[in-house]
Amino acid sequence: MSILANKDTYVVIQGGVAGVNAARRMAEFCYLIKRSLNVLAFVYPPDAGKSHEIPYGSGLVAVPIYKTVAEATTHHPQINTSLVYIGADRAMKGGMEALDDAHIKVVSMITEGVPEKDAKILGRHATKLGKVFNGPSSIGIVSAGSCRLGVIGGAFDNLVLSKLYREGSFGVITKSGGLSNEIIWICSQFADGITTAIGIGGDAYPGTDYVSYLEMFENDPQTKAVVIVGEMGGDLEERAAEWYGAKKRRVKLMAVVSGFCQESLPKGMKFGHAGAKEGLKGEGSARAKSDAFKNAGAIVPATFGALGPAIKEAYQEMLKSGLVKEPVEPASLPKLPKTVEEAMKADEVMVAPLIRTTISDDRGDEPCYDGYPASELINKGYQIPHVVGLLWDKRLISNQEAEIIKRIMMLSADHGPCVSGALGTIIAACAGIGMSQSVAAGLIMIGPRFGGAVTDAGRYFKYAVDNKMTVDEFLVYMKKNHGPVPGIGHRVKSLRNPDKRVKELVGYVKSLNTKTPCLDFALEVEKITSVKKDNLILNVDGTMAAVLVDIGFPVDSLNGFFILSRTIGLIGHWVDQKRQDSRLIRLFDYLVNYAAPKRREVPPLKQ
């Protein structure tokens, strides 16, 4: 048996992230004792309607989130316990909501910093309703072999070391969360372990005191002894001693009280917990509390270190008297499955990678581009074109090559609002669409007819150069196998109205006196095609393609330069329309050639 928490305990957790973490720890305990997860619901209004996936063994359990406790208990009527992980300013409202629900019998509040007035109200309200309110500032409650409420007991390995997978004979009541785990472990090492351990919290006015829990342990036949860890301040320990000494009790009581150091310090000094404060006249001192326990007949070790041996002695007496029997340990216990990362670190599993990357690594304190730390690239004077070279071609390009890329980006960043890409972005912006979607609307226009000819132009110019074709041979090859030459031709520009972007880029590259076989070939093609029609000139796509192939970039990356550059302009168009608060665009009728049939009568429907 146990008190407060058992195999019939089912839980709703009120709160967000901290509550989810508690549910994960509770799931570990449930897995250890081979019980299904006892957390049935969360209450967290911002996420109502969603669910949290809680790891259980090697799987996941979806736990629904509700707006109110009433909704949770309506959908899961077996819920009888609430754990409150709500901020201090809202904790009382959450606690009252749980206490007022007819299904809830136990409320344990983990929240720290709850105003004393609120704690008193919650405690009195629970007593009035005949319910239990534990906390505030409680680490939780754990009953060995049956139920865990909160994170009490620690990590999975500690649950096993503390033998919480099966019932013992010792009850534990503490104010300190950390010491509760310590006492649980001591009971498992010097005796047969615990029945139930309760962290009541270190506030000055806990919702339930030592005496109430001592009464429960007294009525639990499995609990043969109770260990109390008290501390200076208040009178909870004195009242517990008074209860124990009032008449002969079935359970043995063992107690240690922290705070003897106060005797060497100024009166009235407060320690870690809100309630750990000796009065100015010495009331509530650790010594007075220890003496009260001794006078009541409790076992009071001289030091905390002597508690373990005292527990062992008491346990041995129980064994000799036949009050308890040596527990039978299970032949094996479940092991918490390791995560993939943990198993790989321990060299216990090999996982085939889902993807392979050769260009970047962000696992350190900063991203590395092809092995070079980003901050070092900045501090040593490298520019964005150099990063493009590393990520697109896995090489640190020269400053000369970087200047060419910079000019390409500047010359092709935008081509006004009328081209299809910019128009797509503008229409989306005027429809109230966000930046990323509007820019994407413009980018999807990039293709064979708009900006997407860079890669194909580079591929075919390179093919001609690699195969030592003449211009005539190339044109015949293209006509026979592929059609018009990508990178040749413009809807607006011509020999009489040349594209200054092309002239600028060609002029700069030629001024460098480097070998440019693809560019030279493309210019020769222009000489022939422009004779046939004066707008069949080398356009900016073809120029970019030839130049980029000449400086060594892979053909398949070439369209990326247009996409990267034009994204700058598309973002500009989106911002421009937002700045003007532009209205939704609808085409004027006169911009549409309505070639559909004139209005006519609908014939009768044929049977």
Side-chain angles (χ1 to χ4, degrees), residues 1-7 9 28-35 139-150 152-174 176-199 210 213-229 244 249-256 293 297-301 304-335:
M1 294 180 68
S2 55
I3 68 169
L4 292 178
N6 54 47
K7 289 187 177 179
T9 297
E28 291 178 0
F29 181 82
C30 289
Y31 179 74
L32 174 64
I33 65 171
K34 300 179 182 178
R35 174 189 178 178
I139 192 174
I141 302 166
V142 61
S143 292
S146 59
C147 183
R148 180 190 199 183
L149 303 176
I152 186 171
F156 185 85
D157 289 346
N158 199 63
L159 301 179
V160 176
L161 290 173
S162 299
K163 302 176 183 176
L164 289 172
Y165 48 81
R166 54 129 182 94
E167 205 168 35
S169 304
F170 286 73
V172 175
I173 315 172
T174 72
S176 166
L179 282 177
S180 67
N181 293 343
E182 181 77 8
I183 303 304
I184 292 170
W185 182 83
I186 289 174
C187 288
S188 72
Q189 303 305 302
F190 289 89
D192 61 351
I194 69 157
T195 50
T196 299
I198 307 162
Y210 289 137
Y213 291 134
L214 285 169
E215 289 278 8
M216 295 181 194
F217 279 126
E218 177 75 1
N219 294 322
D220 174 36
Q222 180 63 30
T223 302
K224 305 301 190 295
V226 177
V227 180
I228 285 181
V229 180
Y244 190 70
R249 302 294 180 179
R250 183 187 61 82
V251 295
K252 287 182 182 246
L253 180 61
M254 311 179 73
V256 290
F293 278 123
I299 300 170
V300 182
F304 186 83
L307 179 60
I311 290 174
K312 182 177 182 180
E313 183 179 346
Y315 178 62
Q316 292 300 321
E317 289 178 5
M318 295 178 198
L319 283 173
K320 288 178 182 177
S321 66
L323 195 60
V324 299
K325 294 181 179 180
E326 286 281 6
V328 178
E329 298 293 344
S332 64
L333 291 168
K335 292 183 178 180

Handout entry: Rounded distance [0.5 Å steps], CG in Asn6 versus OG1 in Thr196
Key = 8.5 Å

Problem - side-chain hydrogen bond (donor to acceptor under 3.5 Å, both in side chains) between Thr195 and Ser2, worked out - result: CA-CA 5 Å; Thr195 50; Ser2 55; over 6 Å; no

Fill in the blank from the handout: Here the gap from Ile299 atom CD1 to Met254 atom CE, rounded to the nearest 0.5 Å, amounts to 4.5 Å

Completion exercise
Here the gap from Leu32 atom CG to Phe156 atom CZ, rounded to the nearest 0.5 Å, amounts to 4.5 Å

Handout entry: Minimum side-chain heavy-atom gap Phe170-Gln222 below 4.5 Å
Key = no

Practice task
Without swapping roles, check the side chain of Tyr165 against the backbone of Lys34 for a donor-acceptor pair under 3.5 Å.
Solution key: no

Exercise for the section: Work out which heavy atom in Gly308 is nearest to a heavy atom in Ile186; give both atom names and the distance. Expected result: CA-CG2, 3.7 Å

Exercise for the section: For Gly305 and Pro309, work out which heavy atoms get closest and say how close. Expected result: O-CD, 3.6 Å

Problem - side chain to side chain contact (heavy atoms under 4.5 Å, CB included) evaluation trace for Arg249 with Phe217 - result: CA-CA 11 Å; Arg249 302 294 180 179; Phe217 279 126; over 6 Å; no

Practice task
Report the distance from atom OG1 of Thr223 to atom CD1 of Ile3, rounding to the nearest 0.5 Å.
Solution key: 6.5 Å

Problem - side chain to side chain contact (heavy atoms under 4.5 Å, CB included) evaluation trace for Leu319 with Val324 - result: CA-CA 5 Å; Leu319 283 173; Val324 299; 3.8 Å; yes

Exercise for the section: Supply the atom-to-atom distance Asn158 CG to Glu182 CD, rounded to the nearest 0.5 angstrom. Expected result: 9.0 Å

Problem - Donor-acceptor contact below 3.5 Å, side chain Arg35 vs main chain Lys7 - result: yes

Handout entry: Side-chain touch Cys187/Val172, heavy atoms, less than 4.5 angstrom
Key = yes

Practice task
Provide the closest heavy-atom pair for Ala144 versus Ile194 in the form atom of the first, atom of the second, distance.
Solution key: CB-O, 3.3 Å

Fill in the blank from the handout: Here the pair of heavy atoms bringing Pro301 nearest to Ala255 is CD-O, 3.4 Å

Handout entry: Check: Asp220 main-chain N/O paired with Arg250 side-chain donor or acceptor under 3.5 Å
Key = yes

Handout entry: pair Tyr244-Leu214: side-chain heavy atoms closer than 4.5 Å
Key = no

Exercise for the section: Begin with the C-alpha distance, continue with both residues' side-chain angles, and end with the deciding distance and a verdict on side-chain hydrogen bond (donor to acceptor under 3.5 Å, both in side chains) for Asp192 and Ser169. Expected result: CA-CA 6 Å; Asp192 61 351; Ser169 304; 2.5 Å; yes

Exercise for the section: Let me see the working for Phe304 and Leu179 under side chain to side chain contact (heavy atoms under 4.5 Å, CB included), right down to the final yes or no. Expected result: CA-CA 11 Å; Phe304 186 83; Leu179 282 177; 3.8 Å; yes

Fill in the blank from the handout: For Leu164 and Phe29 the tightest heavy-atom approach is O-CE1, 3.5 Å

Problem - Intermediate values then yes/no, side chain to side chain contact (heavy atoms under 4.5 Å, CB included), Val229 and Ile173 - result: CA-CA 6 Å; Val229 180; Ile173 315 172; over 6 Å; no

Exercise for the section: Find out whether Tyr213 and Leu4 are in side-chain contact, i.e. whether some heavy atom of one side chain is under 4.5 Å from a heavy atom of the other. Expected result: yes

Practice task
Only counting residues at least two apart or in another chain, list the ones meeting side chain to side chain contact (heavy atoms under 4.5 Å, CB included) with Ser180.
Solution key: Ile139, Ile152, Thr174

Fill in the blank from the handout: Quick note, side-chain hydrogen bond (donor to acceptor under 3.5 Å, both in side chains) partners involving residues 310-324, not counting sequence neighbours, are Lys252-Glu317, Tyr315-Glu326

Exercise for the section: Locate the shortest heavy-atom distance separating Arg148 from Gly153; write the atom from each residue and the value. Expected result: NH2-C, 3.9 Å

Exercise for the section: First locate atom CG of Leu149, then atom OG1 of Thr9, and finally report the distance between them rounded to the nearest 0.5 Å. Expected result: 6.0 Å

